[in-house]
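What follows is a single structure, written as structure tokens, with notes after it.
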Amino acid sequence: MQELLEGLTEAQREAVEHVDGPLLIIAGPGSGKTRVVTHRIAHLLARGVHPRGIVALTFTNKSAEEMSRRVRQLAPNQAVWMGTFHRFGAQLLRRFAALVGLAENYSILDVEDSRSVLKRAVDESGHELLYVTPGQIAHAIGEAKSRVISPDQYQPRAGDPHGAIVRDVYPRYQALLRETNAVDFDDLLMLPACMLRDHPELRSQLDRQYTHIMVDEYQDTNLAQYAIVRALSCELPNLAVTGDPDQSIYGWRGATINNILQFENDYEDVRTVKLEQNYRSTRSILRVADELIAHNRYRKPKRLLTDNPEGSRVRLVCYGDQRDEARQIAARIANDLEDAKHRPEEVAIFYRVNALSRSLEMALAAEGVPFQIVHGVEFYQRKEVKDLLAYLHLLNNPRNDTALLRVINSPPRGIGERTVQRLIDHGRQRRLSLLDACREAGAIEKLKGRAAVAVARFVHLIDSLSIHVHRPVEEILGRVVVESGYKQHLESSTREEDQDRIANVDELLSAAREFDEQHADSQLDSFLEQAALVNDVDEWDSGSGRVTLMTLHAAKGLEFDCVYIVGVEQGLLPHERSREELEIEEERRLLFVGITRARHDLQLSYVLRRATRGSMRSVISSPFLVELPRDEMDVHVPPGTYNYADTTASCEAPPGGDWDEYNQLDHQLDEVAEFEQPARDVNDDVPPPDAAPATAVQSAAEMLGETPCAPEPAAPPEAFEHGMMVRHPEYGHGAIIALSGSGLKRQATVRFLGPAGTRTFRLAKSALQPVKGKVR
DNA sequence: ATTCGCAAAGTTTTT
DNA sequence: CTTTGCGAAT
């Protein structure tokens, strides 16, 4: 037990040794929080606490995995439950589904499917959505759920223009979910919270079962999460929460910073431990972070302390436009990698919105810098993957109408819109699930001949697949792929994108195989649960030898030697949709989170003009930049624009006012942009950016000053990696933006620098060549 | 029933 | 500039 305490500071040790009673750990960035939490779990185990009594709730699967890995090192063979709140909720729900009107094989709908259920609910309600989008309704319902307000309790707020509609739609939506034995993401928190509230004996039983509960990132929990934790720590309030109010960045999702601010009032005899010492970042980085966050008014003052060295100055750089920004950052990174100043996996670029990644991708590819993007159109969102998962959902939960609607005619089997509508009508009349309605297709008045036969065959397909639902997931999925005709449909297609899809199907199959291997008692429902709850950051690979691109939100909890934060501009950071003071403060925290991810090197940048929606617009730098200690920083800003944020922050968009002054400012910017190529100061050995406009570029090879060369012998498919720079004899240079499949079927999607755009190749057959090192 | 083409619209962050 | 949605043609 002693070795668990070795090398810990007094504060850390106090937290680790705490066993019973409520514990609040205020952990600033880089304060060794994960270490404290994992050591505390090991300590609890060493003190004889039963592993099954311990639950550690985290924000992402990734951090749960990391925590789990580290606990295993300290205390091997002790199975402590660690996972996200949503997963915890999902499993509680599975155990006690009947209490909230569900069956244990319920389905978890993703955002897209939830939306389609919502649309049906809106249709049924008879409301015409004139002044409100489905998205706004969805948001209102989500907000209610995050506050544990069930449909019958819902009361619109005074003056809420959409309140009346939401009041009608929400119950219908929830009823549809229940009828189809399905839940949305928010239900994974709300329903367990309701369950615990409405069933005291169950609450008490679980309260005793989970003797020691730990919650990470407590500043980002919402009311539903609060209710769950609260319910499980009444009789045994052995609850330890960790968090940092300054890193609360999910207010928009219903998280309430009050949970952590009020913790000491919520529980009796709270022990509070503050971890303020920072072991991560240099002094110069921490001073920047410190000064920034000090501008938040709704905050308890807190300093960042460190014994770390001063380090190099934080850079603040202004570029002409986002292309300059991307190219020069990429060039700088390429140089640093070449000089072995950093390893690629220790470099990250953060941005406020995903849309900003594109120019960076291109520039990094052009420099031959390997990278990975933690981003959007993920695997599980693709049509073919969703289709196949929908088959599995339907097999697992035959009442899942949403899944049925997805697959009933994909691949096409002659069941059209009208037929589907008749099935829906029939099902509604007889209060049947759609699958059961399909079973009666022959008896439906208007369904005769072809359509009825097609429906009957579909029912037969599902029934024959159903026989195998208890087999390993890979086998079930394999049958689906073949017997549904999905595979054949793709293979007979001549379209290029369908070739990609085949590769994705293969990848899903291997994911299923992997799941089977990891889970001895492999269950279809837990596979589907996992598929529903994985996210972008989970896919992120920290040891990949690649530079990381991600949003500031995704960066929470991570750290890198070298960090670039781009687009630090008015309207982007703070985002234009954040207008109220509290929202602005959240944006400031977001930048704070980004800054404190960096260990040694940090650069913030903005541009003078940015192309948004096709056209160039002048940009105002972020007002946050004014709050930084710029005299301690390495500032590379063209003369005249230095104080731009100071002078114009108050006069954005003159409302019917002084256009002359406004245009003048704009003009000033033009001059400055031409006058200076600011990054030359930053990076003397980088040549000035290519003066030729992009439209003049004939081919990637030409742009890179090379003549296209003859095909070389093919490289083995395994030699290719995501983010890798490649060359094609016909299309020139490009970056691999997606990989799928394996062996002879391994495919790469390449985004070319020239006019060739994005193309996909079968690696075994293509003439693609990896490009080593930097492209000159 | 499917496919193709054009037009319009839209851009925060995510479990 | 990109993606989504709808409408017309086959």
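What you see is a predicted model, and the numbers here were worked out from it, not measured in a lab. Hydrogens, waters and symmetry mates are skipped; everything else that's a heavy atom, side chains included, is used. Numbered from 1 within each chain, the chains take letters A, B, ... in sequence-line order.
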In whole angstroms, how far is the C1' atom of dT14(B) from the CD1 atom of I108(A)? 16 Å
Expressed as a whole number of angstroms, how long is the span from N354(A):CG to dT2(C):P? 16 Å
For the residue pair S578(A) / E587(A), report whether a side-chain donor-acceptor contact shorter than 3.5 Å exists. yes
Donor + acceptor pair across side chains of S107(A), N397(A) (<3.5 Å): yes
M550(A) CE - dT13(B) P separation (whole Å): 14 Å
Would you kindly say whether T242(A) and D216(A) are connected by a side-chain donor-acceptor distance under 3.5 Å? yes
By nearest atom, which of the nucleotides dT2(C), dT15(B), dT13(B) is closest to the V111(A) side chain? dT15(B)
Name every residue in residues 247-255 of chain A that has at least one heavy atom under 4.0 Å from any atom of DNA chain B, in order of residue number, or write none if there are no such residues. Y250(A), W252(A), R253(A)
Between P on dT13(B) and CD1 on I565(A), what's the gap in Å once rounded to a whole number? 17 Å
dT13(B) P sits how many Å from L572(A) CG, rounded? 10 Å
On the six-membered ring of F458(A), is R413(A) placed so that its NZ or CZ lies under 6.0 angstrom from the centre and within 45° of the ring axis? no
Nucleotide dT11(B), atom P - distance to OH of Y351(A) in whole Å: 19 Å
Would you say Y173(A) and D184(A) are linked by a side-chain donor-acceptor pair, where the criterion is simply a distance under 3.5 Å? yes
Looking just at side-chain N and O atoms, do S359(A) and Q322(A) make a donor-acceptor pair shorter than 3.5 Å? no
Let me spell it out: for each of R87(A) and S578(A), pick the nucleotide of DNA chain B with the closest heavy atom. Which residue's pick is nearer the 5' end? S578(A)
Check the distance between dT15(B)'s C1' and E65(A)'s CD and give it to me in whole angstrom. 15 Å
Check this one for me: any side-chain N or O of T60(A) less than 4.0 Å away from OP1 or OP2 of dT15(B)? no
Test your reading of the model: is there a side-chain donor-acceptor pair from E585(A) to the backbone of Y298(A), 3.5 Å cut-off? yes
Nucleotides 2-4 of chain B: which of its N/O atoms have a protein N/O under 3.5 Å away?
from   : atom 1 : to      : atom 2 : distance (Å)
dT2(B) : OP2    : N409(A) : ND2    : 3.3

Charged tip of R589(A) within 45° of F592(A) ring normal and under 6.0 Å: no
Are Q174(A) and D187(A) linked by a side-chain donor-acceptor pair shorter than 3.5 Å? yes
Report the distance from atom NZ of K383(A) to atom P of dT3(C), rounded to the nearest whole Å. 17 Å
